[in-house]
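Contents: one structure, followed by commentary.
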Amino acid sequence: MKHELEQAIASACRELHDADIPVVLTRPDEQFGDYATNVALQLAGRLHKNPREVAETIAEKLRTELAGRVQAVTVAGPGFINITLTDRALATAAGQAPAAKSRQHQGQTVVAEYSDANPFKVLHAGHVYTTVVGDAIAMLIETAGAAVHRVNFGGDVGLHVGRTMWAILQYLGGEHPEKLADIPADQRAEWLSAQYVTGNNVYEEDEAAKADIIALNKRVYQLHADKDHSSPFAQIYWTCRQWSYEAFDAFYARFGTKLEKYYPESEVADLGLKTVRDHIGKVFEESDGAVVFKGEPYGLHTRVFINQQGLPTYEAKDVGLIAKKYEDYHFDRSVILTDYEQQEYMAVVLKAIEQFWPELARATTYIPHSKLKLLGGIKMSSRKGNIVRAIEVLNMTAEALRAVGRTPDDVVVLGAVKYAFLKHRIGGDDIIYDPEESISLDGNSGPYLQYAHARARSILKKAGANPAEIETLEVGERSLARKISEYPEAAEKAVAELMPHHICTYLYELAQAFNRFYEHNRVIGNERQDVRVQLVTSYADTLKAGLKLLGITAPDTM
RNA sequence: GCCCGCGUAGCUCAGUGGAUUAGAGCGUCUGGCUUCGGACCAGAAGGCCGGGGGUUCGAAUCCCUCCGCGGGCACCA
């Protein structure tokens, strides 16, 4: 319906005023109508005419063109054109709303990289945030018609591995892979995290250990170069790397998502190294024994791609990664999500890549996101021991539910966590997560929407279905139908901007609209039961579809 | 120092060029209803949209400038 209106307005502008202008339809205050446009204000400036007069000519034309579908076309304020649909047209739009799908990515292949957990490191609260947001973005693109491949990039080589390996060797009392068998399967993730923290602290405090760690780091690179899977050192390394990936799989599964591929640094390092070397002199240059890209001409800064020891830094690995992703998927678009600390790092890497692979740089969308802070402003860093682990975020939320006398289950816990993260605009100020607020049963929360859905389903279950053709709507019914009909627009906007929070804002408004309706309009037993059941069905379906886009389950009972 | 991001109600956040009155939630206060699952509804108080200047018929939104907070600025990611 929206599209149809836009076309009618555009052609009216063309025929009456010989002007081609982009038509933007907005949703005005309900008192003004269902749709509004400011084309007359734009045209008036260009034609040096009175905006209200211009608006009146367009409105008159729309009244005849759209007869039967619009109830009123009026001119208001400085020259807005307000359009009110007929009840039947509005009811139809509401009925179609839940099934609406964007086509913005129709037929595309998209690679979405997010979460980026590192093997030999611990999953912290920040990973929960990037996983939830990344998955929501992946789903937005997926529902808009793309084949989405979710991938992860993590460091299985590099200093942090040296640190963890150092602690592992200490624990095992040397290179004794057989002793790994003593660690129970269900404690592996835990144990690995502890080794990471130990190695990390030692690196900061003990010079001798620091030297050992640097040597171990080189050994790990060598082990990849030699494709060594059999030496005792190699056995320990590969086993522990595998344990890390298993831990990630379990974690993502709990969130209802699956990362299709873990790109380890070791698989992209060589390609990155080679690519950077191939462009020395043209794109990169040598400086102090390292290979760098000078960003200053582009308003950026200089970064090292190959260090003095000849090893690739993350910069070079990101170069290899983009090539590998393209080789694997031939993507139309590559979306990369990281926190904003890496924003300028990414800008430099993408600028360097643009110099030799312009089409890959252009096909890349980088999204910097905010960082997560728990209430109280604890800063999370896995470098130190004082991290908040990923699992703790879920435990805290479950605890908050218990505190209000509810038995925590993952549907509600994850609904609460996901919604609390997703309702904020991506990339704004840091996200403050308050577990108590997230499970709050009233207010703008995941569980509130889940409950709203369950309640509507309960009504429908009692009423039974009896499809009706809706001809007219009473005032309360009309408000609800109007809100339901806005869903496709909210989803479209979320897809266009890759901003899931638009869905949250909309769904909450929708639930409020329903509660207002529900307060004064009985469904079961009312003479308009059939019409109202129809509306409640559309409402519940829309709520469910919207929550699904966010990765949140909408249970029928709770 | 240079570059980037952010600054909206006591708190947590939407709104990023349009409509007399800048919106929600939480918290505070007042009233209603006890249901079709009240995890509700109606209302009040609370904002010079960080300060100042400019562009525009119109600015929380765009531009300039200052202040505050956060981040980045070569071999960590």
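Hydrogens, waters and symmetry mates are skipped; everything else that's a heavy atom, side chains included, is used. Letters go in sequence order (proteins before strands), and every chain restarts at 1.
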Would you indicate what [X] reaches in the nucleic acid, counting non-hydrogen atoms under 4.0 angstrom: base, sugar-phosphate, or nothing?
{"X": "A:Ala36", "answer": "base"}
{"X": "A:His160", "answer": "nothing"}
{"X": "A:Pro51", "answer": "nothing"}
{"X": "A:Asn50", "answer": "nothing"}
{"X": "A:Asp288", "answer": "base"}
{"X": "A:Asn526", "answer": "nothing"}
{"X": "A:Tyr345", "answer": "base"}
{"X": "A:Gln512", "answer": "sugar-phosphate"}
{"X": "A:Ser370", "answer": "nothing"}
{"X": "A:Glu296", "answer": "nothing"}
{"X": "A:Arg303", "answer": "base"}
{"X": "A:Ala452", "answer": "nothing"}
{"X": "A:Phe80", "answer": "base"}
{"X": "A:Asn307", "answer": "base"}

Please check if the distance between the ring centroids of A:His369 and A:Tyr129 is under 6.0 Å. yes
Less than 6.0 angstrom separating the ring centers of A:Tyr448 and A:Tyr508, yes or no? yes
In terms of relative ring orientation, are A:Phe284 and A:His279 parallel, tilted or perpendicular, with 30° and 60° separating the classes? perpendicular
Going by the angle between their ring planes, with limits at 30° and 60°, are A:Phe514 and A:Phe517 parallel, tilted or perpendicular? tilted
Just distance, no hydrogens or angles: give the donor-acceptor pairs under 3.5 Å from side chains in residues 495-503 of chain A, sequence neighbours left out.
residue: A:Glu497; atom: OE1; partner: A:His502; partner atom: NE2; Å: 2.7

For [N], the Watson-Crick or wobble counterpart (both distances under 3.5 Å):
{"N": "B:rU34", "result": "none"}
{"N": "B:rC73", "result": "B:rG1"}
{"N": "B:rG68", "result": "B:rC6"}
{"N": "B:rG17", "result": "none"}
{"N": "B:rG43", "result": "B:rC29"}

Could you tell me how far [M] sits from [N] if I compare only their [atom1] atoms? Round to whole Å.
{"N": "B:rG7", "M": "B:rG51", "atom1": "C1'", "result": "12 Å"}
{"N": "B:rU55", "M": "B:rU61", "atom1": "C1'", "result": "14 Å"}
{"N": "B:rA9", "M": "B:rA14", "atom1": "C1'", "result": "13 Å"}
{"N": "B:rC2", "M": "B:rA74", "atom1": "C1'", "result": "16 Å"}
{"N": "B:rC4", "M": "B:rA22", "atom1": "C1'", "result": "28 Å"}
{"N": "B:rC67", "M": "B:rU20", "atom1": "P", "result": "35 Å"}
{"N": "B:rG15", "M": "B:rG58", "atom1": "P", "result": "26 Å"}
{"N": "B:rG18", "M": "B:rC11", "atom1": "P", "result": "27 Å"}

Where the side chain of [X] is concerned, which of [options] is the nearest nucleotide?
{"X": "A:Glu341", "options": "B:rA42, B:rG71, B:rG25", "result": "B:rG71"}
{"X": "A:Leu41", "options": "B:rG25, B:rA19, B:rG18", "result": "B:rG18"}
{"X": "A:Tyr448", "options": "B:rU20, B:rA39, B:rC75", "result": "B:rA39"}
{"X": "A:Arg425", "options": "B:rG32, B:rA14, B:rA74", "result": "B:rA14"}
{"X": "A:Tyr340", "options": "B:rG70, B:rU20, B:rG15", "result": "B:rG70"}
{"X": "A:Tyr508", "options": "B:rA24, B:rG15, B:rA42", "result": "B:rA24"}

Below 4.0 angstrom, N of the basic side chain to O of the carboxylate: do [X] and [Y] qualify?
{"X": "A:Glu30", "Y": "A:Arg478", "value": "no"}
{"X": "A:Glu205", "Y": "A:Lys210", "value": "no"}
{"X": "A:Glu113", "Y": "A:Lys325", "value": "yes"}

Could you state the [atom1]-[atom2] distance from [X] to [N], rounded to the nearest angstrom?
{"X": "A:Gln31", "N": "B:rU21", "atom1": "CD", "atom2": "P", "result": "13 Å"}
{"X": "A:Leu300", "N": "B:rG5", "atom1": "CG", "atom2": "P", "result": "12 Å"}
{"X": "A:Lys351", "N": "B:rC4", "atom1": "NZ", "atom2": "P", "result": "14 Å"}
{"X": "A:Arg27", "N": "B:rA19", "atom1": "CZ", "atom2": "P", "result": "17 Å"}
{"X": "A:Asp339", "N": "B:rA77", "atom1": "CG", "atom2": "P", "result": "15 Å"}
{"X": "A:Glu519", "N": "B:rG31", "atom1": "CD", "atom2": "P", "result": "17 Å"}
{"X": "A:Ile431", "N": "B:rU12", "atom1": "CD1", "atom2": "P", "result": "12 Å"}
{"X": "A:Met558", "N": "B:rA39", "atom1": "CE", "atom2": "P", "result": "11 Å"}

Starting at the 5' end of RNA chain B and moving along, which residue's nearest nucleotide shows up first, A:Ala76 or A:Ser287? A:Ala76
Where each residue is assigned the nucleotide of RNA chain B containing its nearest heavy atom, which of A:Asn82 and A:Ala511 is assigned the position nearer the 5′ end? A:Asn82
Examine [N]: is either OP1 or OP2 under 4.0 Å from a nitrogen or oxygen in the side chain of [X]? Give yes or no.
{"X": "A:Asn515", "N": "B:rC41", "answer": "yes"}
{"X": "A:His520", "N": "B:rA42", "answer": "no"}
{"X": "A:Gln308", "N": "B:rA74", "answer": "no"}

Under 3.5 Å, is there an N or O donor on one side and an acceptor on the other linking the side chain of A:Glu497 and the base of B:rU16? no
Ignoring hydrogens and angles, are the base of B:rG5 and the side chain of A:Gln343 linked by a donor-acceptor pair under 3.5 Å? no
CD/A:Gln31: more than 12 non-hydrogen atoms of other groups inside 6.0 Å: yes
Polar side-chain atom of A:Arg532 near backbone of A:Arg522 as donor-acceptor pair, under 3.5 Å: yes
Using only heavy-atom distances, determine whether the side chains of A:Asp156 and A:Tyr262 contain a donor-acceptor pair under 3.5 Å. no
Does a side chain donor of either A:Gln42 or A:Asn38 reach within less than 3.5 Å of an acceptor in the other side chain? yes
Hey, is A:Phe32 stacking on B:rA19? Ring centres under 5.5 Å, planes under 30°. yes
For RNA chain B, the residues among residues 310-317 of chain A that have a non-hydrogen atom under 4.0 Å from it: A:Thr313, A:Tyr314, A:Lys317
